[in-house]
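Read through the structure below, which is laid out as structure tokens, and then see the notes.
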Number of protein chains: 2
Amino acid sequence: MIQTEPAIDATLAALADPTRRAIVQRLGGGDLRVTEIAKPYAMSLNAVSKHIRVLENARLIHRRRVGREHILSLDPRPIEALGRWIADQKPVWAARLQALDALLQAEDAAKTEEQPHAR
Amino acid sequence: MIQTEPAIDATLAALADPTRRAIVQRLGGGDLRVTEIAKPYAMSLNAVSKHIRVLENARLIHRRRVGREHILSLDPRPIEALGRWIADQKPVWAARLQALDALLQAEDAAKTEEQPHAR
DNA sequence: ACAATATTCAACCATAAGGTTGAATATAAG
DNA sequence: CTTATATTCAACCTTATGGTTGAATATTGT
């Protein structure tokens with residue numbers, strides 16, 4: 001049964017961009033305004049604004065308006081959900097890891113064999 | 001210091017697609033050939049072949065040719081690395097979660113207040 | 001040798017993603 | 001009231017993504 005979890009889709013897609021992942025990390029240290037978030041980046045404020053919007057749609061950050069400033073807070077819950085998804089798979093993977101190890105060793109051996117006492 | 005981890009980029013981007021995530025999950029049960037992987041999907045074999053290529057480039061699966069068949073094995077290590085990345089952030093987020101809880105409660109209260117003893 | 005099977009390559013298409021610039025909006029400060 | 005600040009909206013551009021179809025390649029079975 002092929003399960004499609006749309007929430008995790010958004011989380012993964014949002015985190016796949018390095019700029020956005022950096023923003024998430026910075027927000028781990030505390031709330032920031034849009035302009036503050038944008039400061040370290042070479043790109044335009046508008047581009048950062050868009051990234052923020054993506055993170056917001058993925059429910060990774062939460063926006064609260066205080067006057068003209070928009071203050072962003074990190075909401076770690078979707079990432080924790082992702083962590084749980086990964087943790088859940090772990091037992092399944094134990095067997096795969098072992099099989100893979102054997103496989104890779106065998107391949108390396110074969111590759112070495114390929115050029116017999118290479119000059 | 002804004003750290004950019006290109007390996008994690010690829011892992012996240014590869015997993016962000018539901019088809020690819022399903023493939024990863026199926027491979028958790030054991031190795032499969034390309035055609036076998038493609039079977040449950042409505043899309044063309046070619047499309048699946050492309051997805052497989054993406055997973056391969058992200059080092060999430062490993063391909064071994066046996067005659068005309070290409071046998072794919074899951075390599076869970078990049079996902080485990082992702083799990084570690086998430087686990088590493090966890091302590092940082094504890095504080096954020098608390099702050100967020102308070103914030104959301106306050107907002108709900110404000111929203112309820114907005115319509116005083118709504119009819 | 002020939003046909004069938006397993007898979008990729010190549011070209012193409014539509015839409016999404018990430019970026020830009022310039023104008024609009026909302027609030028704050030002089 | 002006027003100006004400055006914070007932020008988004010809108011339009012546009014380029015490149016990436018996910019999909020298609022048709023042909024090519026490699027291997028296996030008859």
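Here is the naming used below: chain letters follow the sequence lines, and residue numbers restart at 1 for every chain. The structure displayed is predicted, hence computed values, not measured ones.
The separation between K39(A) atom NZ and dA6(D) atom C1' is 12 Å, rounded to whole Å. We find that CZ of R68(B) is positioned 6 Å from P of dA6(C), with the value rounded to whole Å. Between L55(A) atom CG and dA17(C) atom P the separation is 13 Å, expressed in whole Å. What separates CD of E69(A) from C1' of dT5(D) is a distance of 9 Å, to the nearest Å. Regarding Y41(B), its OH atom lies at a distance of 14 Å from the P atom of dT20(D), rounded to whole Å.
Between R21(B) and D9(A) there is a salt bridge, since at least one side-chain N of the basic residue sits less than 4.0 Å from a carboxylate O of the acidic one. Salt bridge present: D31(B) and R64(B) bring a charged side-chain N and a carboxylate O closer than 4.0 Å. Salt-bridge annotation for K39(B) and E36(B): absent, with no side-chain N of the basic residue lying under 4.0 Å from a carboxylate O of the acidic one.
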Quiz prompt | Footprint string (nucleotides 8-19 of chain D, 5' to 3'): B base within contact, S backbone only, - free, heavy atoms under 4.0 Å | solution = BBB-------SB
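No donor-acceptor pair under 3.5 Å is formed between the side chain of R59(A) and the backbone N or O of R77(A).
A heavy-atom distance below 4.5 Å is not found between the side chains of I61(A) and D75(A).
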Exercise. Give the intermediate values and the outcome of side chain to side chain contact (heavy atoms under 4.5 Å, CB included) for residues R26(A) and L32(A).
Key: CA-CA 9 Å; R26(A) 301 227 347 268; L32(A) 292 171; 3.8 Å; yes
